[in-house]
Amino acid sequence: MSGVFEQVYALVRQIPPGKVATYGQLAHLIGRPRGARLVGYAMSACPSSAGVPCHRVVNRFGGTTAAFDTFGPGTQRALLEAEGVAFTPEGCVDLSLHLWQPLF
DNA sequence: GCAGTGACCGTGA
DNA sequence: CTCACGGCCACTG
C-alpha cells in the first residue's frame, strides 16, 4: 500500500483477459512517465499471491519477457494465446488489437 | 547504512 | 535517419 508497486499491481489486476499493457503505459498511469523500470521491477516481483497476471504485461514492442522462460520456452506467449491474444510472425503481441486501454 | 542493480521508456544530439 | 544516455522506485548484498 502507498507504494508504486501496489499501484502497478492494481492496474495489472484490472487488465481483462485477451488484453495486454505495456510498461510505459502502466508507468504513465501510476504517475511515473519515466518510471517504466519500476513497472519492470514490480513485474519481476510478480507476487502470484497478489493475483497479478504479469504475463499480460509486455514491452512497448509487444515482445514477451525472456524471464518467463523460467517455466519453459514460450510460456508467456502460450498464456496470452490461450486468452485469445493474436501474435505477429515476429513473435510480438499485436498491440493494435489487444493493447489494454483503461476506460477510466 | 551504503551502493548497485533491474522483465524499460523517452528525449537529445 | 541512428546512437547514446538519463531517470524513476524498490529490493539485495
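Reckoned from all heavy atoms, side chains included, excluding hydrogens, waters and symmetry mates. Order of the sequence lines sets the chain letters (A, B, ...), proteins ahead of strands, with each chain counted from 1.
Within residues 55-66 of chain A, the residues that place at least one heavy atom under 4.0 Å from DNA chain B are, in residue-number order, A/Asn59, A/Arg60, A/Thr65. For the segment residues 32-41 of chain A, the set of residues with a heavy atom within less than 4.0 Å of an atom of DNA chain B comprises A/Arg34, A/Ala36, A/Arg37, A/Gly40, A/Tyr41, in numerical order.
A pairwise comparison of heavy atoms in A/Val58 and A/Tyr23 identifies O-CD1, 3.2 Å as the closest pair.
Just one residue in the list A/Asp94, A/Val93, A/Ile15 forms a side chain to side chain contact (heavy atoms under 4.5 Å, CB included) with A/Val20, and that residue is A/Val93.
As a whole-Å value, the separation of A/Tyr9 OH from C/dA10 P is 11 Å. Spacing between atom CD1 of A/Ile30 and atom C1' of C/dA10 amounts to 12 Å, rounded to whole angstrom units. The CG-C1' distance, from A/Leu29 to C/dC8, rounds to 16 Å in whole Å.
Hydrophobic clustering (ILVMFWY, side-chain heavy atoms < 4.5 Å, transitive): A/Leu79 and A/Val85 are in distinct clusters. Follow the hydrophobic side-chain contacts under 4.5 Å out from A/Val4 and you reach A/Leu29 in the same cluster. A single hydrophobic cluster is not seen to contain both A/Leu26 and A/Leu99; linkage of ILVMFWY side chains at heavy-atom distances under 4.5 Å, directly or through other members, places them apart.
The gap from the P atom of B/dA7 to that of C/dC3 amounts to 23 Å, rounded to the nearest Å. For the P atoms, the distance from C/dC5 to B/dT5 is 15 Å, rounded to whole Å.
Legend: residues meeting side chain to side chain contact (heavy atoms under 4.5 Å, CB included) with A/Pro16, ordered by chain and number and at least two apart, are A/Lys19, A/Trp100. Annotation: side chain to side chain contact (heavy atoms under 4.5 Å, CB included) contacts of A/Ala50 (sequence neighbours excluded): A/Arg13, A/Pro47, A/Val52.
Looking at A/Leu38 and A/Val8, their side chains never come closer than 4.5 Å, going by heavy atoms from C-beta outward. For the pair A/Arg32/A/Val39, no side-chain contact is recorded, criterion being any heavy-atom separation below 4.5 Å from C-beta on.
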For DNA chain B, produce a single dot-bracket line, 5' to 3'. Pairs: Watson-Crick or G-U wobble, both distances under 3.5 Å. Symbols: ( ) within strand, [ ] crossing, | other strand, . unpaired. .|||||.||||||
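Chain A approaches DNA chain B within less than 4.0 angstrom (heavy atoms of the protein), and the contacting nucleotides run 5' to 3' from B/dG6 to B/dT11.
Of the possible polar contacts, none joining the A/Tyr41 side chain to the A/Phe5 backbone as a donor-acceptor pair under 3.5 Å is found. Remark: the backbone N or O of A/Phe68 is not paired with any side-chain donor or acceptor of A/Thr65 at under 3.5 angstrom. The backbone N or O of A/Leu80 sits nowhere less than 3.5 Å from a side-chain atom of A/His55 that would complete a donor-acceptor pair. Under the 3.5 Å distance criterion, the side-chain polar atoms of A/Gln76 are matched with a main-chain donor or acceptor of A/Val57.
Residue order along DNA chain B, read from the 5' end via each residue's closest nucleotide, puts A/Ala42 first among A/His28 and A/Ala42.
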